[in-house]
Amino acid sequence: MRQQLIDEYHALLDSDETLGPQLFARLRDAMAARRLVYGRRHIGVALRPHLMTRAEYDTLVRASEILAGAFERVAEALVSDPRRMTEVGLTEREQRLALVSPGFKTSAVTTRLDAFTGAGRVRVVEYNAENPSSLTDQPGLNEVLFELRALQVTAERYRLRQFNPAARMLDALLETYREWGGRAAAPHVAIVDWADLPTEGEFFLLRNYFAGRGVPTIICSPDELEYDGARLRRGEFTIDLVYKRVVIHELLARADDAHPLLRAYTDGRVCLVNPFRCKIAHKKAAFELLTDEEHAAWFTPEERETIARTVPWTRRVRERKTLHEGREVDLIEYVRRGREQFILKPNDDYGGHGVCLGPRADEREWDEAIAKALAGDYVVQEAVEISSEEFPIFNEREWAVQPMYVDTNPFLFRGRVEGVMVRLSTSPVINVTSGGGETGFFVIEGAADV
């Protein structure tokens with residue numbers, strides 16, 4: 001049914017004589033009005049949403065929720081034995097903050113897995129447990145795409161399910177606030193990140209969504225916060241809950257321990273989402289703890305089976321012996337000789353920065369990447385097979401069907417999936433920060449009832 005729907009959709013596009021500069025300008029204007037931009041760049045690049053069958057989506061959801069539970073076990077294990085926090089690369093300050101109880105059970109409330117799907121398989125390559133973005137993109141892009149006759153007709157022929165991550169996000173914030181011990185019926189929320197970021201459009205959408213449902217919300221910079229030993233505030237606005245979008249290592253680079261946010265958090269005076277403890281699972285080296293046989297006892301049989309099926313072998317880069325496929329190897333020489341098998345990436349960075357794809361590097365580039373990894377804090381990960389899919393891509397003047405790499409990245413709220421972020425790119429390093437785009441998303445529930 002999926003391929004049939006896609007073929008029909010593309011045929012509808014082919015027969016639509018309105019597809020041209022005037023319509024494309026209207027789509028871009030609609031994206032701008034809905035703040036679907038990254039800086040000044042419109043994030044929507046395709047005339048078709050990404051589509052999954054219900055069975056495919058259910059498979060992705062099941063694997064994602066099991067893996068989220070496994071990452072929580074990693075965080076629990078390292079909090080109970082803090083000496084091991086260095087294994088995932090936490091700095092001394094990150095360790096101290098991770099040991100502060102957030103006041104609720106989970107180490108991360110809102111997360112996103114970066115995954116590739118196809119042929120009935122799910123492969124997960126990263127876990128954004130710190131501050132996943134793009135919560136509002138899918139519903140907004142779906143609305144924009146409904147400007148097209150092709151999607152209007154398709155929605156008449158098929159039952160298409162869409163999702164509302166922002167609604168689930170608000171529910172998760174309120175549930176977490178109550179677990180933390182908050183008593184206000186409508187807590188005061190601050191969305192905190194640096195000013196003038198390319199992602200600020202999402203902050204405005206979330207603020208308006210929260211406020212429209214009776215939850216007073218502001219957007220502010222860490223520099224605007226004040227703390228008097230009892231309440232965190234921005235000016236006259238007292239803050240009960242901080243939705244922290246600022247990246248932890250960037251905050252710590254600019255703030256000492258006397259910073260109002262750090263003091264209010266360590267004093268237990270503000271509910272912080274995600275808490276500093278999230279950094280344990282966010283580090284890419286956490287994938288080593290999932291895939292190293294030494295830690296198998298941490299996980300349930302179901303988690304071990306899901307890890308083996310969906311998570312690529314990962315190791316922190318350093319001179320060492322380790323196991324790969326049951327055989328002891330010298331890690332650096334093994335990775336050097338196996339360039340076609342591996343990817344190098346920073347342990348704690350974002351936007352595709354510093355990623356080196358072994359299959360696309362020559363010998364000299366790979367040697368230089370290994371040297372850089374040894375001098376810094378990197379992981380090596382087994383490369384996963386990424387297939388492309390044809391999407392109708394448009395610009396200001398024209399459109400054409402072309403192969404694009406696509407990832408399907410589920411959002412999780414308190415360990416439960418609600419919708420996904422779909423990114424498209426001509427490069428296998430798929431990231432909006434690195435120049436990729438996004439498209440809408442629907443699950444095909446079946447043919448429309450006649």
>> According to ring pair (Phe, Tyr, Trp, His ring centres under 6.0 Å), does anything in residues 235-274 pair up with another residue at least two apart or in another chain? List the pairs.
In response: His188-Phe237, Tyr265-Phe276
> Side-chain donor-acceptor pair under 3.5 Å between Arg121 and Thr310, yes or no?
Replying inline: no
>> Under a plain distance cut-off of 3.5 Å, with no hydrogens placed, do His295 and Arg84 share a side-chain donor-acceptor pair?
In response: yes
Do the side chains of [Y] and [X] get nearer than 4.5 Å, heavy atoms only?
X      : Y      : result
Leu225 : Leu232 : yes
Ile43  : Leu141 : yes
Met421 : Phe441 : no
Leu47  : Phe24  : yes
Thr300 : Arg73  : yes

[X]: what forms a side-chain contact (heavy atoms from CB on, under 4.5 Å) with it, not counting sequence neighbours?
X      : result
Ala172 : Val109, Arg168, Phe413, Arg414
Arg233 : Glu226, Asp228, Arg231, Thr238
Arg318 : Arg316, Arg320
Arg161 : Arg54, Tyr57, Phe163, Val443, Glu445

Residues which pass salt bridge (Lys or Arg N to Asp or Glu O under 4.0 Å) with [X], listed by chain and number, not counting sequence neighbours:
X      : value
Arg234 : Glu224
Glu126 : Lys345
Glu143 : Arg34
Glu236 : none

> Quick one: side-chain hydrogen bond (donor to acceptor under 3.5 Å, both in side chains) pairs with a partner in residues 386-395, sequence neighbours left out?
Replying inline: Arg2-Glu389, Arg48-Glu389
> Pairs in or reaching into residues 103-113: which pass side-chain hydrogen bond (donor to acceptor under 3.5 Å, both in side chains), with residues at least two apart or in two chains?
Replying inline: Glu72-Thr106, Glu72-Ser107, Thr111-Tyr127, Arg112-Asp114
> With a distance cut-off below 6.0 Å to the six-membered ring centre and an angular limit of 45° from the axis, does Arg304 pair with Trp298 as a cation-pi contact?
Replying inline: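 Negative - Arg304 is either too far from the ring of Trp298 or too far off its axis.
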>> Evaluate Arg157 against Leu12 for side chain to side chain contact (heavy atoms under 4.5 Å, CB included), listing each step before the verdict.
In response: CA-CA 12 Å; Arg157 295 177 178 174; Leu12 288 166; 4.2 Å; yes
> Would you call Arg149 and Asp16 a salt bridge, using N to O less than 4.0 angstrom?
Replying inline: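 Here Arg149 does not pair with Asp16 in a salt bridge, since their nearest N and O are not under 4.0 Å apart.
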Judged by atom type as modelled, is there a donor-acceptor pair below 3.5 Å linking the side chain of [X] to the main-chain atoms of [Y]?
X      : Y      : value
Glu288 : Val88  : no
Arg35  : Gly201 : no
Asp348 : Lys283 : no

Tabulate below the donor-acceptor pairs under 3.5 Å that side-chain atoms of residues 202-215 make, not counting sequence neighbours, or state none.
{"from": "Glu202", "atom 1": "OE1", "to": "Ser134", "atom 2": "N", "distance (Å)": "2.8"}
{"from": "Glu202", "atom 1": "OE1", "to": "Arg245", "atom 2": "NH2", "distance (Å)": "3.2"}
{"from": "Glu202", "atom 1": "OE2", "to": "Ser134", "atom 2": "N", "distance (Å)": "3.3"}
{"from": "Glu202", "atom 1": "OE2", "to": "Leu135", "atom 2": "N", "distance (Å)": "3.0"}
{"from": "Glu202", "atom 1": "OE2", "to": "Arg245", "atom 2": "NH1", "distance (Å)": "3.3"}
{"from": "Asn208", "atom 1": "ND2", "to": "Phe204", "atom 2": "O", "distance (Å)": "3.3"}
{"from": "Tyr209", "atom 1": "OH", "to": "Arg213", "atom 2": "NE", "distance (Å)": "3.2"}
{"from": "Arg213", "atom 1": "NH1", "to": "Tyr209", "atom 2": "O", "distance (Å)": "3.2"}

> After noting the C-alpha distance and the side-chain angles of Leu160 and Leu5, does the key distance pass the side chain to side chain contact (heavy atoms under 4.5 Å, CB included) rule?
Replying inline: CA-CA 11 Å; Leu160 302 178; Leu5 189 160; 4.2 Å; yes
